[in-house]
Amino acid sequence: MSSYETLNQPQQEAVLHTEGPLLILAGAGSGKTRVLTHRIAYLIESGVSPWNILAITFTNKAADEMRQRVDRIVGTGREAVWVSTFHSACVRILRRHIDFLGFDNHFAIYDTDDQKTVIKEVCRKLNVDTKVFKEKALMAEISHYKDKLYTPEDAEKEAYDFNEKKTAAVYREYQAQLRKNNALDFDDLIMRTVELFEKHPQVLDYYQERFRYICVDEYQDTNYAQFRLVSLLAEKYRNLCVVGDDDQSIYRFRGADIRNILEFEQIFPDAKVVRLEQNYRSTQNILEAANHVIANNTERKEKRLWTENEEGDKIHFRQFLNGFEEAEYVVGEIEKLHREGRAGYRDCAVLYRTNAQSRLFEEKLLVAGIPYKIVGGINFYSRKEIKDLLAYLRTIDNAKDDVSVRRILNVPKRGIGDTTQGRVQEYADDMQVSFFDALRVAEEIPAVKRSLPKIDSFVTFIMALRTKAEVLTVRELLEDVIDSTGYAADLEKENTDEAKARLENIDELITKVQAYQDAMAERGGQATLSGFLEEVALVADIDTLDNASDYTLLMTLHSAKGLEFPYVFITGMEDGLFPGGSAIYRSESDSALQEERRLMYVGITRGMKSVTLTCARQRMLRGEVQFHNVSQFVREIPRELVDLGYAVQEKKPDREKMLQGDSVYSRMKEAFRAKPYMQESRPRAQTSVNHAEPLEYGTGDTVRHVKFGVGIVTDIKEGGRDYEVTVDFDRFGVKKMFAGFARLKKI
DNA sequence: CGTAGTTTTGTTTTT
DNA sequence: CAAAACTACG
């Protein structure tokens, strides 16, 4: 019990309040994970059976960690506590009871690729032009319906214009296809569970009894469907504890409804509210900066985090000519930190808005020999070779999974091409049977006579695998597939780098199967094919990080949520990139911008000791060079909290370049690249005295003045024949001046 | 039926 | 600048 003394006052309140609804408003770094784990431990210690506790976390990794921590405090019983993500919990429930809804318990879980395949098929069938209705857009629409628990019928009822009606029709057919394939997509996992509970009260009752104490973390990112799910489960005993921070709500695009947390007190009027506002993670400067940025948002609950930590470094801000130099600088800093023994590689994280930005950093890290890992982006499981092999496993596991069957029908090449596939599909549609069943009776289909023997041998092959699956372990089965299809053998013959990489991935897959089997054996569970496939579908990249290895992490700001690092680099701080282009334009409602700002808030508050913001003037984006201004979020940080890195070298201007990109490489590159750009801008700057012509710098740029030194341009006004420029100088404060006189130079 | 070569298209963010 | 989608040829 003594461990509770290490908690502060509100933290203790939250831990000790076990009965009835509880809302914990937990600011960034306020120790909410500690509170949650202690709360679960306290529940168990005060006699609640671990069996009766359900804790929902945002990632599987967080779930594992929480389970371990609870175990460390309580010692026993953690096995029985359910700690998992919404999706995992739902799968567990559905595997047991989905037959109530007419699905087979061996249902497949479709990922984005599979969904797209189905959508394409649906559009073809319904004669929907995918040039007009993009698959991606349709998927997003359908997903939103599901987030709100709209059935296809609901969607059709609410559809007023042509587009909406079409979308609803696609939705209906899409759901029909999924059912035919005995498959669920991610959103279905939640929606079908709610459906199960609503249609079968006895099932709901079972789980209500089972989960008398429910905890939901990251509550600000739940959508309506998840809210409904939790409400149903908690209805009976009302022991619902939700934890969240409205300032960190960053998943609105996937249906997260901030009202869930903002209106919790209305829905549960007897709820106790605890606010955790003391931050234990970051320095004062970091926290101050974060507070100032987020204060620009209007749609939020007023609050102010504070800390007893030291003041610490200022927020470092550096602007570069292009993305290469930005990456070089960041990598150089990490190298320096490591060399000077100030930080391990794992203490540094590089964050960015979009996954595409990881490339430059990856290249530079590779050259520098710094161990790193990219989180997210192209998922391991979405590589072709892996998807192919998994499609075999899925075909074996779920006889109705047409998407998988079609994928492997001609992989490896069996001489069964698109034409044949189309004819079989047509037959299957006409006769209302599954694709695989159509293959089995292919002799009935006159049009495919030529390929008949090939089809027959494929069918026999799959049937044989299914028989084997009953006696083999998952690993043995996978190895059998790799072997008997000749998949690996074909790749070996190719003998290219590409093929080698794929072979490595296949080995990796075998390793993962083995790891799954081991984990199940350790937990005393049964390793099943369904179980493995489920893990494959639901385990995100971030879940597989091991804390023991010393590598620098690269990831999106979204992925960084819930993590912390001593040294954080937030890169690509440019208007148009972050905040993203689509968030800037909408003048009507700036809620998109506010979401971006919350993302910025999340980013800054990941930092414990140091936060560095970087940006580039010039950047290659989808094959084109783009010019960007410094992100408005940088400007929202008070000037006195920012270090520009130039001030000290005022007397020796040349040194700043060495500081920025301290390799010969970078200076060569700059000379090379900068030329065309300089040629263009210099004459403009000179003539700007006469006419209001474009300046070489813009709002947010870092500039140098002969006398005042370095500063940031905060405003530019067009004043007749010249510009009036407002600059916030490092050492002289805010000055207004005419561009023609000031002869400011962009850095 | 399969492949190589060509054109088009596209960006948030994730379970 | 990619990846994906399409086309034309063997």
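Reminder, nothing fancy here: chain letters follow the sequence lines and each chain counts from 1.
Each of A:R450 and A:H558 lies near DNA chain B, and the nucleotide nearest A:R450 is the one positioned closer to the 5' end. Mapping A:L577 and A:K131 onto DNA chain B by nearest heavy atom places A:K131 at the nucleotide closer to the 5' end.
At a threshold of 4.0 angstrom between heavy atoms, the contacts of A:T420 are confined to the sugar-phosphate backbone, with no base atom among them. A:K136 comes within 4.0 angstrom of the backbone, heavy atoms only, and of no base. At a threshold of 4.0 angstrom between heavy atoms, the contacts of A:I416 are confined to the sugar-phosphate backbone, with no base atom among them. Residue contacts for A:F578: at a heavy-atom cut-off of 4.0 Å it reaches no nucleic acid atom on any strand shown. Backbone-only engagement by A:N410 is indicated by non-hydrogen atom pairs under 4.0 Å involving sugar-phosphate atoms exclusively. Note on A:K134: only backbone sugar-phosphate atoms sit closer than 4.0 angstrom, heavy atoms only; bases stay farther off. Here A:S88 lies out of heavy-atom contact (under 4.0 Å) with every strand.
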Test log, rule salt bridge (Lys or Arg N to Asp or Glu O under 4.0 Å), inputs A:E426 and A:R423: CA-CA 5 Å; A:E426 216 171 288; A:R423 284 173 185 156; over 6 Å; no
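With A:S457 contributing its side chain and A:K454 its backbone, the two residues share a donor-acceptor pair below 3.5 Å.
Scanning atom types as modelled, one donor and one acceptor separated by under 3.5 angstrom connect the side chain of A:R353 and the base of B:dT12.
Under a cutoff of 6.0 Å and an axis angle of 45°, A:K561 and A:F58 form a cation-pi pair. Cation-pi check for A:R598 over A:Y601 is not met; the charged atom does not lie both under 6.0 angstrom from the ring centroid and within 45 degrees of its normal.
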